[in-house]
Amino acid sequence: MQMSESYFVPEVIHLEHTLENGQCFRWRKISEGHYLGVVHGMVLEAKQMEEGTLLTPMDEELFQRVFYDYFGFGRDLLRRQDALAQKDPWLKIAVDYCRGLSILKQDPWETLITFILSQNNHIPRIRSLVEKLAVLRGPKLTYRGNQLPDRQEEFYGFPTPSELENVTEEELRTLGFGYRAGYVVDAVQKVLAGEVDLEKVVGLPLHGGREELKRIKGVGNKVADCVLLFGYGFQEAFPVDVWVLRALERFYCKEIEEAGSREAFIKEYFGGEGGLAQQMLFHTLRNGMYP
DNA sequence: GCCCAGGCACTCA
DNA sequence: TGAGTGCCTGGG
């Protein structure tokens with residue numbers, strides 16, 4: 001396999017709105033519409049094209065096997081967003097702003113640790129902590145892209161539970177993880193011991209998956225829902241953080257009252273598009289696009 | 001230099 | 001069942 005080749009995907013997802021909306025932390029912008037990321041144990045470039053998306057290095061087989069799902073291709077994204085825009089003026093504003101924002105389907109383990117680290121943190125700091133963990137125990141990667149030949153840096157994949165087996169809370173605290181250090185260690189131990197089964201979550205209903213993940217220290221409703229949405233692809237998962245809470249209270253106050261509870265409203269109103277709607281409302285509000 | 005962030009766990013009513 | 005509070009830290 002000649003892995004310095006590029007692969008063109010004839011389907012548009014909006015890379016900026018997709019990779020810079022806080023669902024992932026290992027992509028960074030190289031230039032306008034051009035991103036470099038460490039994903040699934042490889043260094044990958046993604047370029048926004050007018051009629052699609054260019055991935056490097058990539059071939060058909062790898063794309064179909066891993067990255068088709070990862071990026072959320074083939075999910076009829078634009079039509080679904082246009083349908084959401086018809087529901088109310090708030091969603092209309094969101095879709096106008098970030099049409100093409102795709103919900104990634106990332107590695108569940110990486111997503112779990114990443115969102116454990118996200119609590120009480122700004123995005124730049126989350127990125128820095130995830131990077132530190134990768135450098136600490138992750139595999140060193142060889143960069144094989146052909147578009148940034150002068151790039152001289154080292155890349156590390158995200159470490160597996162086994163690779164993190166002997167990591168200690170003290171070690172992580174030294175690196176600046178704070179009280180989350182213990183949460184990471186707990187996740188490693190419970191997953192390695194089989195006490196929490198990340199594979200099993202795939203086949204569970206939303207609520208069951210949530211409860212399984214919440215057995216790990218430091219995982220509450222919000223983190224669990226982020227993992228279910230961004231890591232497992234539960235499209236109805238609707239993580240409620242402070243921003244989304246603000247949006248719900250501002251836009252849907254009356255409807256929530258009528259539905260009886262916030263959870264009931266979310267389920268009835270957004271249904272299987274909860275995740276997509278949530279992330280677009282979040283991204284649009286956070287970027288100050290609501291008057 | 002200080003503040004506070006995309007939460008969670010624990011306590012107490 | 002819900003409100004109040006402590007927790008680590010460094011980027012902005």
Side-chain angles (χ1 to χ4, degrees), chain A residues 16-29 94 97-98 101 103-104 106 110-133 135-136 167-190 196 207 209-232 234 237-251 256-257 259-264 266 270 274-290:
Chain A
E16 184 179 347
H17 289 313
T18 299
L19 301 178
E20 297 190 58
N21 72 27
Q23 63 175 323
C24 54
F25 298 90
R26 299 210 71 197
W27 283 95
R28 64 173 188 275
K29 193 184 217 170
Y97 172 58
C98 56
L101 180 158
I103 302 293
L104 300 174
Q106 306 173 68
E110 179 173 345
T111 311
L112 170 67
I113 298 301
T114 298
F115 281 91
I116 284 175
L117 296 179
S118 78
Q119 59 187 267
N120 266 358
N121 270 162
H122 297 91
I123 287 173
R125 190 147 176 256
I126 302 168
R127 301 179 82 97
S128 142
L129 293 180
V130 174
E131 192 64 33
K132 280 178 183 173
L133 206 52
V135 172
L136 185 69
V167 86
T168 63
E169 179 170 347
E170 292 67 36
E171 196 176 4
L172 295 181
R173 278 185 179 264
T174 307
L175 287 174
F177 282 57
Y179 62 89
R180 306 163 201 83
Y183 299 163
V184 173
V185 171
D186 187 65
V188 170
Q189 288 173 349
K190 285 193 173 132
V196 168
H207 182 73
R210 201 188 217 197
E211 293 310 308
E212 179 75 7
L213 294 171
K214 279 168 68 176
R215 294 169 60 204
I216 295 164
K217 279 186 205 157
V219 178
N221 288 337
K222 193 269 177 181
V223 170
D225 285 349
C226 284
V227 178
L228 290 168
L229 178 60
F230 305 131
Y232 286 95
F234 281 77
F238 196 102
V240 179
D241 57 48
V242 290
W243 290 91
V244 172
L245 192 58
R246 276 176 221 160
L248 290 174
E249 282 170 353
R250 182 174 159 200
F251 304 154
I256 290 171
E257 210 167 294
S261 73
R262 199 174 66 213
E263 290 233 320
I266 289 168
F270 299 108
L276 188 59
Q278 179 274 155
Q279 199 59 12
M280 290 200 302
L281 289 169
F282 167 79
H283 184 58
T284 306
L285 183 66
R286 223 174 74 102
N287 287 359
M289 303 309 290
Y290 285 111

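No hydrogens, no waters, no symmetry mates; every other heavy atom, side chains included, goes into these values. Numbered from 1 within each chain, the chains take letters A, B, ... in sequence-line order.
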Quick check: on DNA chain C, is the nucleotide nearest A/Y183 upstream (toward 5') of the one nearest A/S128, or the reverse? Name the residue that is more 5'. A/Y183
Salt bridge (charged side-chain N to carboxylate O under 4.0 Å, His left out) with A/D241: which residues, sequence neighbours excluded? none
Of all residues at least two apart in sequence or in a different chain, which pass the ring pair (Phe, Tyr, Trp, His ring centres under 6.0 Å) check with A/F25? A/F115
Take the protein atom CG of A/L229 and the nucleotide atom P of B/dG6, then report the distance between them rounded to whole Å. 18 Å
Structure string for DNA chain B in dot-bracket form, Watson-Crick and G-U at under 3.5 Å, | interchain: .||||.|||||||
Within the modelled atom types, does a donor on one side and an acceptor on the other bring the side chain of A/Y179 and the base of B/dG7 under 3.5 Å apart? yes
P spacing across the pair B/dG6 / C/dA3, given as an integer number of angstrom: 22 Å
A/I116 vs A/I216 side-chain heavy atoms within contact, under 4.5 Å: yes
Salt bridge (charged side-chain N to carboxylate O under 4.0 Å, His left out) filter on A/E211, not counting sequence neighbours, yields A/K214
How long is the line joining CG of A/D186 and C1' of B/dC8, in whole Å? 13 Å
From NZ of A/K214 over to P of B/dG7, roughly how many Å is that when rounded to an integer? 16 Å
Assign each of A/F230 and A/V219 the nucleotide of DNA chain B bearing its closest heavy atom; nearer the 5' end lies the nucleotide of A/F230
A/E16: salt bridge (charged side-chain N to carboxylate O under 4.0 Å, His left out) partners, not counting sequence neighbours: none
Rounded to the nearest angstrom, tell me the gap between atom CD1 in A/I216 and atom C1' in B/dG7. 15 Å
In whole angstroms, the gap separating P of B/dC8 from CG of A/L245 amounts to 13 Å
A/T284 meets the side chain to side chain contact (heavy atoms under 4.5 Å, CB included) criterion, sequence neighbours left out, with A/I93, A/A94, A/Y97, A/C98, A/M289, A/Y290
For DNA chain B, what residues of residues 18-25 of chain A have any heavy atom nearer than 4.0 Å? A/N21, A/G22, A/Q23
Mind listing the residues from residues 171-178 of chain A sitting with a heavy atom below 4.0 Å of DNA chain C? Number order is fine. A/R173, A/G176, A/G178
Identify whether any heavy atom of A/V244 sits under 4.0 Å from a base atom; if not, whether one sits that close to sugar-phosphate; answer base, sugar-phosphate or nothing. nothing
Identify, residue by residue, the members of residues 111-126 of chain A with a heavy atom below 4.0 Å from DNA chain C, and return them in order of residue number, or none. A/N120, A/H122, A/P124, A/R125
To the nearest Å, give me how far apart CZ (A/R180) and P (B/dA9) are. 13 Å
State, yes or no, whether a side-chain contact exists between A/F177 and A/L133 at a heavy-atom distance under 4.5 Å. yes
Run the salt bridge (charged side-chain N to carboxylate O under 4.0 Å, His left out) test against A/E257 and tell me which residues pass, sequence neighbours left out. none
Taking any atom under 4.0 angstrom from a heavy atom of chain A, which nucleotides of DNA chain C are the first and last to qualify, 5' to 3'? C/dC7 to C/dG12
Could you give the distance separating B/dG1 and C/dC8 at their P atoms, to the nearest angstrom? 25 Å
Nucleotide N/O to protein N/O under 3.5 Å, stretch nucleotides 10-13 of chain B:
none

